[in-house]
There are 2 protein chains.
Amino acid sequence: MTTPAQGLHSHVLATLGLAITAGEYPPGTVLRTDELARRFDVSRTVIREVVRVLESMHLVESRRRVGVTVLPTASWNVYDPQVIRWRLAGADRPRQLRSLTVLRSAVEPVAAGLAALNATPEQCRRLTEEALGMVATSRGRQLEAYLVHDIAFHRVVLDASGNEMFARLGDVVAEVLAGRTHHHVMFEDPDPAAVTLHVQVAEAVRERDAARAEALTREIAVGALKELDVLAP
Amino acid sequence: MTTPAQGLHSHVLATLGLAITAGEYPPGTVLRTDELARRFDVSRTVIREVVRVLESMHLVESRRRVGVTVLPTASWNVYDPQVIRWRLAGADRPRQLRSLTVLRSAVEPVAAGLAALNATPEQCRRLTEEALGMVATSRGRQLEAYLVHDIAFHRVVLDASGNEMFARLGDVVAEVLAGRTHHHVMFEDPDPAAVTLHVQVAEAVRERDAARAEALTREIAVGALKELDVLAP
DNA sequence: GTGACATAAAAGTCGTACTTTTCATTCCTG
DNA sequence: CAGGAATGAAAAGTACGACTTTTATGTCAC
């Protein structure tokens, strides 16, 4: 059922974190440390450390004489990669994918524009390489190979933007892309238009054409949003 | 020196977190739990809990037989509000403000566009109210009052977007705006053009004109970026 | 030099005892 | 009867000491 885990702490943290983000324990639910200790058959020490971490993610709040209270979704640290992973693994995965895709659609075009200004030659090379990789794997049911290049491509763009906040969204984008491939389509080959757009973005960055890189990436984003019916029809 | 704090844990966490994000302890530095326990004059229990939290923020990594290793900036959870606050309080505050402003410039226009589609009448009302508040306080050295309205305005936009990820950036935006006011200018009244733009954004949202709301917000963003010389001259 | 092995250092885990805060009840007073 | 002060107890917070587990490193034999 629950992951084996190579440490008690990780195991309990994963189990509890997953349960809370999945919506078992509605907000306001109170947990007590020694009850949890009994339930997981570990010492209170381990539970306390887990609770502290959960508290730093604002999933719970611990108060004396009360216990550990589960907090409402609104206060969760939704940018915490760990929280994102838990939520993507849980029930509201679709909702989560939507939110994240909208975030992507805002960030990536700007990142691409900055990348056109800041990318190193090496990054330009990798961008082209990955784009060509996407072309090569875009036909004939090579979804997994395609995904690898797609993820790498977007990661390079985010890194090349030179903005630390953007760069850290690489993992999020990877999750979203993987989620999309592994659910949604998986059967049909990727949209040829999208593939072309990626190649053109690589070109634009290489030519230092920021406006074009941004506009093209915005088109890619629109495509991704359409896939999820986020836009009005 | 260090904040009083209402608990040993908070105190140690704040001190260590601040120190690490400030760049004392270069990446690779190894700390040992019982040494820390002696240094802070607390039990190893407290230190362990702090380390676990720091670890969940990817500021450090704890390995057996090695100790607690400080990780490079690239792996930090830079979206953790706690980490953001520490970094804004520390040495690379300017760099941090730049990164965050670029993030804002990507997110807020899209959020405004969505807000035009999704804002409730109540949110429209509040938006107009805050915009007018900005107008009213935009002259005569009422920087603090102006700041309050400015923050509220942007918070409503992000909330009204209906996207959870955007909504959670409210605190970040608040920090950035506060940081700008309290350093940078503080002496001159805000740019009248910016004030007008805010009023127009409120209008556009009220009239459900998503494209206009987005474009106007983009103008506000460009202004903010110019202030920080992020753009090429 | 290379590989197996032993050593020890540090984190991980546990159990217990004690402190502190704070909610809730009771009881006293006006 | 209302309101507030004293009281009790529940739960988290802290401390300490003993033990386990992992693992980097130094050593020894080959």
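Chain A is the first sequence line, chain B the second, and so forth, proteins listed ahead of strands; every chain is numbered from 1. Values below: all heavy atoms of this structure, side chains included; hydrogens, waters and symmetry mates excluded.
- Contact annotation: B:R52 reaches the phosphate of C:dG12 (side-chain N/O to OP1 or OP2, under 4.0 Å).
- Of the listed nucleotides (C:dT20, D:dT14, C:dA11), C:dA11 has the atom at the smallest distance from the side chain of B:T33.
- Between the CD atom of B:E61 and the C1' atom of D:dT23 there is a distance of 14 Å, rounded to whole Å.
- Atom pair A:R48:CZ and C:dG12:C1' shows a separation of 16 Å (rounding to whole Å applied).
- When distances run from any side-chain atom of B:R65 to the nucleotides C:dT13, C:dG12, C:dA8, the shortest one goes to C:dA8.
- At whole-Å resolution of the value, CG in A:L36 and P in D:dG13 are 13 Å apart.
- The minimum heavy-atom distance linking A:A131 with A:H198 is given by the pair CB-O, 4.1 Å.
- A 6.0 Å sphere centred on NE2 of A:H58 holds no more than 12 heavy atoms belonging to other residues, nucleotides or ligands.
- Atom CZ in B:R38 sits roughly 13 Å away from atom P in D:dC16 (whole-Å rounding).
- If you check every strand for non-hydrogen atoms under 4.0 Å, B:L31 touches sugar and phosphate atoms only.
- The CZ-P distance, from A:F40 to C:dC14, rounds to 13 Å in whole Å.
- A heavy-atom distance below 4.5 Å is found between the side chains of A:H9 and A:V53.
- Atom CD1 of A:I47 is separated from atom P of C:dG15 by 12 Å (rounded to the nearest Å).
- Picking from D:dA11, D:dT22, D:dA18 the nucleotide with the shortest atom distance to the side chain of A:R32 gives D:dA11.
- In this structure, the nucleotide among D:dT22, D:dG13, C:dC14 sitting nearest to the side chain of A:V42 is C:dC14.
- Atom-to-atom, NE2 of B:H11 to P of D:dG13 comes out at 17 Å; the value is rounded to the nearest Å.
- Side-chain atoms of A:V66 lie closest to C:dC23 of the nucleotides D:dT14, C:dG12, C:dC23.
- Position along DNA chain D of the nearest nucleotide to B:R63 versus B:D41 favours B:D41 as the more 5'-ward residue.
- Taking atom CD of B:E55 as the reference point, atom P of C:dG12 lies 7 Å away to the nearest angstrom.
- Residue B:R44 places its side chain closer to D:dA18 than to any other of D:dA18, D:dA15, D:dG13.
- Side-chain contact check for B:T73 versus B:P27: every heavy-atom pair is 4.5 Å or farther apart.
- In this structure, B:L8 and B:E49 have side chains that are not in contact, with every pair of non-hydrogen atoms separated by 4.5 Å or more.
- Side chain of B:T45, nearest nucleotide from D:dA15, D:dA12, D:dT21: D:dA15.
- Proximity note for B:S43 (side chain, C-beta onward) versus D:dA12, D:dT14, C:dA11: the nearest is D:dT14.
- Each of A:R64 and B:V68 has a nearest nucleotide on DNA chain C; the 5'-most of these lies closest to B:V68.
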